[in-house]
Amino acid sequence: MHSASLTSTVFTSLATHVKGELSTAIRTLTEALEGVGPGTYEEVDSGVTDGVRAFVDAAEKELPHMEGESPLLEAYFESTQFLRILQLYSKEHRTLVTQHGAGITFKLVCLDPAAFLRQVTAGYKAAVFFSATLHPFSYYFHQLGGEAEDYRFVIPTPFDHSQWQVEIQPLSIRFRDRDRHFPHLMESIVNLFNRVDGNGLVFFPSYAFMRKAFHALEGYDLSAKLIMQEPMMSEKEREEFLAEFQAGRKEPVLGLAVLGGIFSEGIDLKGERLNQVVVVGVGLPQPDEERELMKSYFNSLGVNGFAYAYTYPGLNKVFQSGGRLIRTEEDRGVLRLIDDRYLSGEYQKLLLEEWRHFTVVGGSWT
């Protein structure tokens, strides 16, 4: 919410459809965007800023004469958001310029929202932030703008440890090991599904990994209906996916989804609708320039930059996905975490309290 970006190809695609003042403004803006070399900057190029303002002024003159949705409207909203964030630009921001093919993305990146959230809550007597997955608490307390005098507390889970049967399989899911360990991973998923009655959900680090697993599982003797999350699913398609998870099915369903996706949070499959969940990997985001900027920024503040940029956001996806299993005080189920890092000291300290009573299963492959 405190970041914004411009993509040059959005504007170049418009150039052939407009004339006059708007055409001139687009040409000026694209030249300014393409004139800034790829890299990281602590300020915003004035040529880009002037170009965006000129484009917004020209677009506002043209938009009243257009009917329905148009590419110009999309570019206009992207530009006005950019100008709004420009007003907030501070020491918590960096300008990241990247090239992709013939296009340039010019992004104002907010590395730390804490100061902005403090400004939002400053005018109120109180503000309440709450979630089941504010863990580790110190990280979220900082990110939400918490200060020393702020009141905070953690309420124990209402669920009993006996409702969870947590299993950790120490199989390396690091990118370099995935192909080598893929057969072991498939065996783990199949064995668990065949052992536990009822429906299951398996969460993967990426769509590509999930699709590969889906096609491999089709070759196993599974008495199950296999379904898979697709990118950009419509509301109807989402509902159809979730509707497959019915209690007492003659042929149980095994669903495949992605960590951090639409089925990893905000859904309730209560009772016998979901009996087992598998989380593949520890959810680490893919390294990129923005994550590396974040890591360096938090290192400069004297905290663990890698944890802030990668470990904690990754684990949040894991907690959200695993949390689909137990939704009421009557639910029971098996949660299997597949990654050898879950047995390291760092990840042991970060596991949710209700997941710490676990059993190590299967072999260990390095």
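No more than 12 heavy-atom neighbours from other residues, nucleotides or ligands sit within 6.0 angstrom of CD on Glu42. When the shell of 6.0 Å around CD of Gln286 is examined, it contains 12 or fewer heavy atoms from other residues, nucleotides or ligands. Counting heavy atoms of neighbouring residues, nucleotides and ligands inside a 6.0 Å radius, atom CD of Gln320 exceeds 12 of them.
Tyr89 pairs by the ring pair (Phe, Tyr, Trp, His ring centres under 6.0 Å) definition with His93, not counting sequence neighbours. For Glu21, the salt bridge (charged side-chain N to carboxylate O under 4.0 Å, His left out) partners two or more places apart in sequence, or in a different chain, are Lys61.
In terms of modelled atom types and a separation under 3.5 Å, the side chain of Arg273 and the main chain of Gln246 share no donor-acceptor contact. With hydrogens and angles disregarded, no donor-acceptor distance shorter than 3.5 Å links the side chain of Asn316 to the backbone of Tyr312. Glu62 places no side-chain N or O within donor-acceptor distance of the main-chain N or O of Ala59, the cut-off being under 3.5 Å. A donor-acceptor contact shorter than 3.5 Å links the side chain of Arg291 to the backbone of Ala309. Although no hydrogens or angles enter the test, the distance criterion places no donor-acceptor pair under 3.5 Å between the side chain of Glu244 and the main chain of Lys225.
In this structure, a donor-acceptor pair under 3.5 Å is present between the side chains of Arg336 and Ser188.
Taking the six-membered ring where tryptophan is involved, the planes of Phe263 and Phe241 are essentially parallel, since the angle between them stays under 30° and well short of 60°.
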